[in-house]
Number of protein chains: 2
Amino acid sequence: MDPTHIFDVVEFRDAYRISYLANAVVLPGYEAVKHQFGLNRGEYLLILCLAHYPMLTAQDVARLSRRPRNTISRAVHRLVDDGYIKRAPDPEDGRQARLTITPAGRALNNEIAVVFRKRQEKILSALTGQERQILDVLLQKVAVHTAISAD
Amino acid sequence: MDPTHIFDVVEFRDAYRISYLANAVVLPGYEAVKHQFGLNRGEYLLILCLAHYPMLTAQDVARLSRRPRNTISRAVHRLVDDGYIKRAPDPEDGRQARLTITPAGRALNNEIAVVFRKRQEKILSALTGQERQILDVLLQKVAVHTAISAD
DNA sequence: TCAATTTAGTTCCACTTGGAACTAAATTGG
DNA sequence: CCAATTTAGTTCCAAGTGGAACTAAATTGA
C-alpha cells in the first residue's frame with residue numbers, strides 16, 4: 001500500500017495536501033507544546049497572536065486564529081493567572097478588554113517557536129532554496145487572499 | 001489591526017500559513033459535511049481513504065489520515081452499520097480486517113468531494129493558472145517527503 | 001517449540017472542543 | 001432620547017477526541 005498514492009488521485013489535491021501537512025507538522029507540535037510547556041492549543045495560539053501585535057482584544061484573537069470565542073476566553077483567564085499576558089479594561093469601550101503579552105509570555109513564545117521552526121525545517125528540507133522562496137510567495141498570496149475574503 | 005500582519009512576522013511563516021489555510025478551508029468543510037451528511041471527521045476521512053485504495057485495514061487508514069486508531073475503529077463500526085463500507089475478516093491474518101467501500105459509500109464520497117473542491121477553488125483563485133501548477137508541484141514534493149519520512 | 005514481543009483492534013475515561021444561550025455594554029434609528 | 005439591534009465576553013453542556021490499558025492474534029528468537 002503506497003501511502004502517497006492518494007495525493008495524486010484525491011479530488012482536491014492541494015487542499016488535501018495542505019490539510020495533510022498541517023496534521024503532520026502543526027498538530028504534533030501542539031502535542032509537544034502541551035507536554036513541554038503545559039499549554040493547550042488555544043492558550044498557545046493566544047500567546048502567538050499577542051507576541052506579534054502590540055495589543056489585541058479577545059475578539060481580535062478569535063478572528064486571527066479562527067477559533068471560537070469561548071476557547072479564547074478560557075485561554076485568557078488561564079494565561080493572565082499564569083502571568084503570560086495582561087488584561088486591562090478598555091476605557092473607551094466597556095465591553096472589551098485590552099490584551100498584551102508580558103515579558104514572561106514573550107520568552108515563552110520564543111521557546112515554543114523553536115519547536116515549530118524545527119518541524120517546519122524538517123518538511124521544507126524536501127525543497128531547494130529557490131523552491132522554498134517560491135512556495136513562500138505562493139502561500140503568502142493564498143493565505144492573505146483567504147484572510148481578507150469574507151467567509 | 002491588520003489580520004495579515006502575522007503572516008509576515010511569525011517565526012515559522014510557511015508552517016503558520018499552511019496551518020492557517022487548513023483551518024480556514026478544511027475544518028469548515030468538515031463542519032459542512034457534519035451538517036449536510038451527518039458524518040464526523042473520522043468517518044469522512046475513512047470514506048475518503050477507502051475511495052482511493054481498493055482495500056485497506058483500519059491501521060492503514062490510521063496511518064494515511066494520521067488519526068488515532070480508536071477514532072478509526074469507531075468510524076468503521078458506524079459506517080459498516082450505515083452501509084457505506086464493508087468489513088471482511090482477513091483469512092491470512094486474524095488480527096486485521098479488510099475494509100472496502102460500497103457503491104453507496106463511493107457515491108457519498110463524490111457528493112462530499114464537491115464541498116471540498118469548491119472550498120479549494122475559492123482559496124486558489126488568488127493564483128494564476130501557472131502559479132497553481134507550481135504550487136501543486138511544490139506541495140506534492142513536500143507532502144510526499146513528509147509522508148515517507150519517519151516521524 | 002514455546003515464551004516473549006509485536007501488532008491489530010477495541011474499550012474506557014479524562015479532557016478538549018465549540019455551539020447556543022446568556023449578560024452587559026455600545027450603537028443605531030425612528 | 002429611548003427602544004431595538006449589535007457586539008464583546010462568559011458560562012453551560014453535549015459531543016468529539018485521543019492517550020492508555022486491554023484482548024487477541026501473529027511473529028520472533030533462543
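None of these values were measured; they are calculated from a predicted model. Quick note on labels: first sequence line is chain A, next is B, and so on, each numbered from 1.
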Practice problem: May I ask you to test the A:S73-A:R69 pair for a side-chain heavy-atom distance under 4.5 Å? | Solution: no

When rounded to whole Å, the CG to P distance for the pair B:D90 and D:dA25 reads 13 Å

Any A:R87 side-chain nitrogen or oxygen under 4.0 Å from OP1 or OP2 of D:dT10: yes

To the nearest angstrom, the CD-C1' distance between B:E31 and D:dA15 comes to 11 Å

Ranking C:dT17, C:dG9, D:dT6 by distance to the side chain of A:T71, first place goes to C:dT17

Check: Hey, does B:R67 reach any base, or is it just sugar-phosphate, or nothing, if we go heavy atoms under 4.0 Å?
Finding: sugar-phosphate

Margin query: Could you check whether A:Q96 and A:D90, counting side-chain N and O atoms only, form a donor-acceptor pair closer than 3.5 Å?
Written below: yes

Minimal heavy-atom distance between B:Y16 and A:L64, with the atoms involved, is OH-O, 4.1 Å

From CG of A:L45 across to C1' of C:dG18 the rounded distance in Å is 15 Å

- Message: Base, sugar-phosphate or nothing for A:D93? Non-hydrogen atoms, less than 4.0 Å.
- Response: sugar-phosphate

Taken to the nearest 0.5 Å, the spacing of B:S19 OG from A:L45 CG works out to 7.5 Å

Note: for A:P68 and A:G94 on DNA chain C, the residue whose nearest nucleotide lies more 5' is A:P68

B:T57 and B:D60: side-chain donor and acceptor closer than 3.5 Å?
yes

| message | Does this structure show an ion pair linking A:E131 with B:K141, if we count only N-O contacts that are shorter than 4.0 Å? | response | yes

Bend of the helix from C:dT1-D:dA30 to C:dG30-D:dC1 from end-axis comparison, five pairs per end, nearest 10°, comes to 30°

Within residues 54-63 of chain A, the residues having a heavy atom closer than 4.0 Å to DNA chain D are A:T57, A:A58, A:Q59, A:R63

* Asked: Should A:F116 and A:Y44 be marked as a ring pair (Phe, Tyr, Trp, His ring centres under 6.0 Å) after you check the CA-CA gap, both sets of side-chain angles, and the distance that decides it?
  -> CA-CA 12 Å; A:F116 286 97; A:Y44 173 53; 5.4 Å; yes

Taken to the nearest whole Å, CD/B:E92 to P/D:dT27 is 10 Å

Among C:dC12, C:dG18, D:dG16, the one nearest any side-chain atom of A:R74 is C:dG18

Separation of C:dG18 atom P from B:L27 atom CG, nearest Å, is 8 Å

note: B:I72, atom CD1; C:dT11, atom P; distance rounded to Å ~ 15 Å

Discussion item. Within the 3.5 Å criterion, strictly below it, is a donor on A:H145 or A:Q140 matched to an acceptor on the partner's side chain?
Written reply: no

**OP:** Check whether any side-chain heavy atom of A:V10 lies under 4.5 Å from a side-chain heavy atom of B:H52, and answer yes or no.
**Re:** yes

A:R69 atom CZ is separated from C:dG18 atom P, nearest whole Å, by 14 Å

Regarding the side chain of B:R95, the nearest nucleotide among C:dG9, D:dG18, D:dA24 is D:dA24

Whole-Å distance, B:R98 CZ to C:dG9 P, equals 12 Å

- Message: Should the side chain of B:N70 and the base of C:dG9 be counted as holding a donor-acceptor pair, with the cut-off at 3.5 Å?
- Response: no

Hey, what's the ring geometry for A:Y53 with B:H5, parallel, tilted or perpendicular (30° and 60° as the breaks)? perpendicular

